[in-house]
Every structure is written in structure tokens, then in C-alpha cells.
Visitor: 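Quick one: the structure is below, and I'll ask about it shortly.
We name chains A, B, ... by the order of the sequence lines, and we start the count at 1 in each one. The structure presented is a predicted model; accordingly, all values stated were derived computationally and were not measured.
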Protein chains: 2
Amino acid sequence: MLPEEQRCPHNEQVNCANCRLNSICLPLAIADDDIIKLDEIVQRGKPLHKGDKLYRQGSDFRSVYAVRSGAIKAYSVSPSGEEQVTGFYLPGEILGVDGISSHRYSSTAVALDTSAVCEIPFEQLESLSLQLPKLQRHFFQLMSREITDDQKLLTLVSKNSAEERVASFLLSMSARHTRRQLSEQRFHLPMSRQDIGNFLGLTIETVSRVLGRFKKNLLIEVDGRDLFIADLDGLRAVARVNH
Amino acid sequence: MLPEEQRCPHNEQVNCANCRLNSICLPLAIADDDIIKLDEIVQRGKPLHKGDKLYRQGSDFRSVYAVRSGAIKAYSVSPSGEEQVTGFYLPGEILGVDGISSHRYSSTAVALDTSAVCEIPFEQLESLSLQLPKLQRHFFQLMSREITDDQKLLTLVSKNSAEERVASFLLSMSARHTRRQLSEQRFHLPMSRQDIGNFLGLTIETVSRVLGRFKKNLLIEVDGRDLFIADLDGLRAVARVNH
DNA sequence: TTGGCATTTTGATCTGCGTCAAGGCTGCAG
DNA sequence: CTGCAGCCTTGACGCAGATCAAAATGCCAA
């Protein structure tokens, strides 16, 4: 399958109003003339290459970012030196809000593939939110969702087995692809086994073994990072969590 | 030690402006005449008794709450039936923001002791935030802090040993007491071992054993839920995280 | 005071996943 | 083509913390 940016090139998406992702990104439920105002503050940068950093932990917070294509990984390093992957961001998703509280990003964001993002300067977003109640509400909801997602992840990591965690992760990826009208069953994982393991609190070997078992039980087919979920309900049964 | 509400009775704290907690609660950095507007929408209910529910997972979201005295525990039950304690809220802290995204609370909040809270109806808070840029900003920061706190907790639970987790937890409680001008070393734990274990992804037996080891190593003294941190630096060394 | 229930502690044993080690696969550079 | 580096898989073994069990302690009500 072609990457999304090739099926719907960047240069055709010159504004928020005609962006294919606008139903899952910021402008949700904002009136047309309001989208224009939002559009004026959004900056569309040049594509990031694999490995490029979008922002770094500890650097000054200025903007939040919406992913347009590709995939971004966010991770933070604790004072004790532990590295923790805090999230993967796919097209239509917003990252960077963790920087608001301390005026510095609390994580580093790196492109996992060639990616494109929209930069939204936060001060301007704040001003606009004062004028557009729906935008303010949308932003409160967005942050609240990040909180509930983090709490679900905490439950997953602290209460579920390795198989349940990996199954939930695959189903989460699947659901997020579905939201973008892409295949529910067949997709590419943009991150390494290392990243998956770190995110889920598992070692790379355990992730590999669990995927091997899923394959043996005919739940999935895997070839490197290409994934096919052969038995969605079977995987849901393993995850014991609704996705 | 007397509970705070007895040293500083409720009926003397009739408004936000003279509330002893206002430096760590909402009105931070808000001008005096703005505090009055905020004060008008805040509702001060009667005290909650131990075990009383402030709100329930799945019920309609209407308000966020500021703890005035006592202690509140928030927990959620996943579709698979796992119970996860998502946080403990002490005087000056805000809870309930997890309900914004889906218009329903994603957790249940229960009083661990006799407690008093201020109720802040969210629709009115939203309206006021449109008029008071500082309040909007404060609220964005508050939610962003909740996100970064959750991510730190995730790192703690997924990357650290039982001893590191318990030590970090005790230091976190200590730091939050210090913020309220209370003893850094001596305080009462309002929650059970069960709750601590659940919060940290450990069993009650492990929590008990770790506390026993800390006691043996003269890091702490414990008598039930009364705690004295005898060696703060020693405990910090065990936690390997700055608190 | 006594009884009963919830909470905590302590001990013995078990196990899922981490750790260590080795080998395979893929893609790129020369 | 060959060699090398990154990434992934597979196997053998050990251990931190879970589980199972039971006793100790605290707390409140009658």
C-alpha cells in the first residue's frame, strides 16, 4: 500500500478546511469561518526524515503538533536514566501538550518514518481559544483524552500479562488505522520491537516470543513490521479489553 | 496531630481569597478581583465521610473538584474487571478532569477520610476561562501536569523495582505535605496497603515486606498508617528519582 | 470486656518474564 | 559478490515478586 502522503500529496492539503484528517484532528466541530482563523496560525513545515527530532525533552515549549503523515514516537528519560516511550502518534493525532505545564517539553519526539506535521504555536492557540469557545472545549477534551489514555495504559502495564499487553497494543493500532479509513487487519508497524517493548513495559525478547505465539495460534501473520490480523475476535479474546 | 480542618475550620474559609490553599489550588496567579468571580461559581458542599463517593465512573460529568481537607482516592475498573487506583488527591489538589473528554467520569472518587471539597461546575469554569486568560492558562497547565505526572507514574511502574516504587511513593507524599507547610518527615498515610499496592502495581504483601525492610534499614519508622521518614536522603538514594 | 471482621505482617513456594547467549535475516556499502 | 551492522528470533536459566497460607494486630460494636 502506498503511504498516505503519496495518495494525498501534501501540496494539495494547503489548509485545514480541506484536510482529510480534520475530523480527527483539531477542527472537529468548529464552524467553517472558524477553521479559517485556525488555519492562519497553523504552520506547515517541511517533511521530517526518519530519525529527525521534532522537539527535545527540556527544550522551550512553543508549539503543539498535529501529525499529517508518517509516525512520531515520544519518549522521556527519567532522572535515574530510565528511558520510557510514552506514546506513538499517527496521522490526525496531536502531540506536545506535555510541555504546557512547565514551559519545557517533558519528552523528546522523533520521526519513525518520513513524516509531515502541522505546527500550532501555543500562545496563538491560547488567544484563539479565548475567542472560539468550541476550540477551547476541543482542547480541554483533547488533553482530558490524553489523561484517560495514559491511565488505561497504566492499567494495562501494571495489571495485565505480556500477551494481553501485546494484543491490546495491536488492537489499538488497528483501531487507529480504522479511524482513518484504512484496513483494520493489515498495516505496517512503524516502530521497532524495542520500542513496542519499552512502551508496554516488556523486553524485546518477550515481545518477539508473544508475537511468535500469536502467529502459531493463527491470530496474526507477521513479516518483520508488516502485520496482518487474521483473527480479530481471537485477538480481542486474548486482550480481554474492548477495542 | 489534628486534622487540618480542625486547625482551620471550614466555616472560616468562606471564600477562595482567604483560603489557605489558594497558592496550590486554582487561583494561582489570578488577580484579586478575578478571584471573586471564580469564588462565585465555586460551591462548598458538606463534608464527605470516609467511604462516601464524590462521583462514579460512567456517571455524567458536571464538575471538577478541589480538595479542601482530608484525602480522596480515584480508581477505575477496566472492561476486563481489573481495578486500578489512578491517584490520591490531597488538600489543594484538583480531581475530576478525566471526565471532560467523554462527558462521563472515567473513574470513581471516594473519600479515604472525612473530607471537604469545593465543587467547580465545569460549564461555568469554561465560560469564565473565556473571560480570564490566566484562568484558561492555569487550567491548561493543570491538565498538562496531570499528563506528565501520569507518564512519570507509568515509568515508575514499568521500569522500577518494588523498593524504588515504594520509596518514590513515600517521597511523593512527603513532598506534597511539605507544599502545605506540614512536616516533611512525619505524616499519616490516608490509604491502605492494598491501595498503595494497587496504585504502584504491587501486591499488598510486597508493599508490607518492602516497608518492613525500610524499617529494618532505619530509613523509616511505621506504625500502621503513621509514618516517620528517619532518613530522607537514604530513601532518596533507594528511589533513584529526585523528589 | 469480648467477639468479630478488616487489615497487616510474615513465611513458604511457585512462576512469568527478565537476563544472558547464540544464531538468523535483511539491507546497504564497498 | 562479500562483509558488516541493525534488528529480530529462539533457547536455557534465574530471580523478583506473585500466590497461597496462616498468624498477628487493630478497631469498633455490643
Side-chain angles (χ1 to χ4, degrees), chain A residues 49-51 71 73 82-85 110 112-114 155-170 188-217 220-227 238-240, chain B residues 49-51 71 73 82-85 110 112-114 155-170 188-217 220-227 238-240:
Chain A
H49 296 110
K50 182 175 173 168
K73 170 182 85 170
E82 310 289 351
E83 202 167 309
Q84 173 73 46
V85 173
V110 60
L112 292 171
D113 278 321
T114 302
T155 305
L156 190 69
V157 165
S158 92
K159 302 285 188 297
N160 293 78
S161 68
E163 295 208 354
E164 289 161 351
R165 290 184 228 180
V166 174
S168 281
F169 175 73
L170 297 179
H188 182 80
L189 296 169
M191 71 296 283
S192 69
R193 303 283 190 270
Q194 185 70 256
D195 289 334
I196 297 174
N198 186 305
F199 180 65
L200 296 174
L202 298 170
T203 59
I204 182 174
E205 293 94 329
T206 298
V207 173
S208 185
R209 275 186 257 268
V210 168
L211 289 176
R213 253 175 277 155
F214 286 174
K215 198 172 177 174
K216 205 180 65 184
N217 297 339
I220 63 170
E221 292 167 23
V222 258
D223 175 23
R225 297 184 181 185
D226 288 318
L227 184 78
V238 172
R240 302 189 313 134
Chain B
H49 296 110
K50 182 174 173 167
K73 169 181 85 169
E82 310 289 351
E83 203 166 306
Q84 173 73 46
V85 174
V110 60
L112 293 171
D113 278 321
T114 302
T155 305
L156 190 70
V157 165
S158 92
K159 303 282 189 295
N160 293 80
S161 69
E163 295 207 351
E164 289 162 352
R165 290 184 227 179
V166 175
S168 281
F169 175 73
L170 297 179
H188 183 80
L189 295 170
M191 71 294 286
S192 68
R193 303 284 189 268
Q194 184 71 256
D195 289 334
I196 297 174
N198 186 305
F199 181 65
L200 295 173
L202 298 171
T203 59
I204 182 175
E205 293 95 329
T206 298
V207 173
S208 185
R209 276 185 256 267
V210 168
L211 289 176
R213 253 174 278 156
F214 286 173
K215 197 171 178 176
K216 206 181 63 184
N217 298 338
I220 63 171
E221 292 167 24
V222 259
D223 175 23
R225 297 185 181 185
D226 288 318
L227 184 78
V238 171
R240 302 190 312 135

Visitor: Mapping B/Thr206 and A/Ala162 onto DNA chain C by nearest heavy atom, which one lands closer to the 5' end?
Guide: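 The residue whose closest nucleotide sits nearer the 5' end is B/Thr206.
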Visitor: Measuring from B/Arg225:CZ to B/Leu112:CG, what's the distance to the nearest 0.5 Å?
Guide: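 Atom-to-atom, B/Arg225:CZ and B/Leu112:CG are 8.0 Å apart.
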Visitor: Starting from C1' on C/dT9, measure out to CD1 on B/Ile220 and report it in whole angstrom.
Guide: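 After rounding, the gap between these two atoms is 14 Å.
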Visitor: Using whole Å, what does the distance between atom C1' of nucleotide D/dT9 and atom CZ of A/Phe214 come to?
Guide: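 These atoms are roughly 16 Å apart.
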Visitor: Looking at B/Arg209, B/Arg240, B/Arg213, which hits side chain to side chain donor-acceptor pair (under 3.5 Å) with B/Glu163?
Guide: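 Looking at B/Arg209, B/Arg240, B/Arg213, the match for B/Glu163 under the side chain to side chain donor-acceptor pair (under 3.5 Å) is B/Arg213.
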Visitor: Can you tell me which nucleotide in C/dT9, D/dC8, C/dG18 comes closest to the side chain of A/Arg193?
Guide: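 Nearest listed nucleotide: D/dC8.
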Visitor: Please state whether the base of C/dT19 and the side chain of A/Arg209 form at least one donor-acceptor pair under 3.5 Å?
Guide: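 Pair found.
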Visitor: What is the nucleic acid contact for B/Gly201, judged by heavy atoms within less than 4.0 Å: base, sugar-phosphate only, or nothing?
Guide: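 Contact class for B/Gly201: sugar-phosphate only.
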Visitor: Need one value for B/Thr203: base, sugar-phosphate or nothing, where a base atom within 4.0 Å counts as base even if backbone is also close, heavy atoms only.
Guide: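 Since a base atom lies under 4.0 Å of B/Thr203, the category is base.
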Visitor: Could you give the CD1-to-P distance, from B/Ile196 to C/dT8, as a whole number of Å?
Guide: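 Rounded to the whole Å, the gap is 8 Å.
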Visitor: With A/Val222, which of A/Leu170, A/Leu227, A/Leu189 fulfils side chain to side chain contact (heavy atoms under 4.5 Å, CB included)?
Guide: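 Testing each of A/Leu170, A/Leu227, A/Leu189 against A/Val222, the sole residue satisfying side chain to side chain contact (heavy atoms under 4.5 Å, CB included) is A/Leu227.
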Visitor: Remember a base hit wins even if backbone is also touched, and classify A/Leu211 as base, sugar-phosphate or nothing at under 4.0 Å, heavy atoms.
Guide: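 Touches nothing.
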Visitor: Taking atom P of D/dT10 as reference, at what distance in whole Å does atom CD of A/Glu205 sit?
Guide: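 These atoms are roughly 12 Å apart.
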Visitor: Looking at A/Ser208, does any N or O in its side chain come under 4.0 Å of the phosphate oxygens OP1/OP2 on D/dT10?
Guide: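 False: A/Ser208 side-chain N/O out of range (4.0 Å or more) of D/dT10 OP1/OP2.
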Visitor: Quick one: label A/Arg165 by what it contacts on the DNA or RNA (base, sugar-phosphate, nothing), any heavy atom closer than 4.0 Å.
Guide: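 It contacts nothing in the nucleic acid.
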Visitor: Tell me the interatomic distance from A/His188, atom NE2, to D/dC7, atom C1', rounded to whole angstroms.
Guide: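 After rounding, the reported distance stands at 13 Å.
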Visitor: From C-beta outward on A/Arg225, which listed nucleotide comes closest to its side chain: D/dC7, C/dG11, C/dT8?
Guide: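 Between D/dC7, C/dG11, C/dT8, the one nearest the side chain of A/Arg225 would be D/dC7.
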Visitor: Does the A/Asn198 side chain pair with the main chain of A/Glu83, one donor and one acceptor, at a distance under 3.5 Å?
Guide: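 Confirmed, A/Asn198 side chain pairs with A/Glu83 backbone.
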Visitor: Grab the CG-P distance between A/Leu189 and D/dC8 for me, whole Å please.
Guide: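 Rounded to whole Å, this separation is 10 Å.
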Visitor: Report the distance from atom CD of B/Glu163 to atom P of D/dC15, rounded to the nearest whole Å.
Guide: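 Between P of D/dC15 and CD of B/Glu163: 17 Å.
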Visitor: Distance check needed: C/dG24 P versus A/Asp223 CG, whole Å only.
Guide: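 Distance, rounded to whole Å: 18 Å.
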Visitor: Please classify the nucleic acid contact of A/Ser192 as base, sugar-phosphate, or nothing, using heavy-atom distances under 4.0 Å.
Guide: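 A/Ser192: backbone/sugar contact only, no base atoms under 4.0 Å.
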Visitor: Among B/Thr206, B/Leu202, B/Ile196, which one satisfies side chain to side chain contact (heavy atoms under 4.5 Å, CB included) with B/Arg165?
Guide: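 Of the listed residues B/Thr206, B/Leu202, B/Ile196, the side chain to side chain contact (heavy atoms under 4.5 Å, CB included) partner of B/Arg165 is B/Leu202.
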Visitor: Would you indicate which nucleotide in C/dT9, D/dT9, C/dC17 comes nearest to any side-chain atom of A/Ile204?
Guide: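 Of C/dT9, D/dT9, C/dC17, D/dT9 is nearest to the side chain of A/Ile204.
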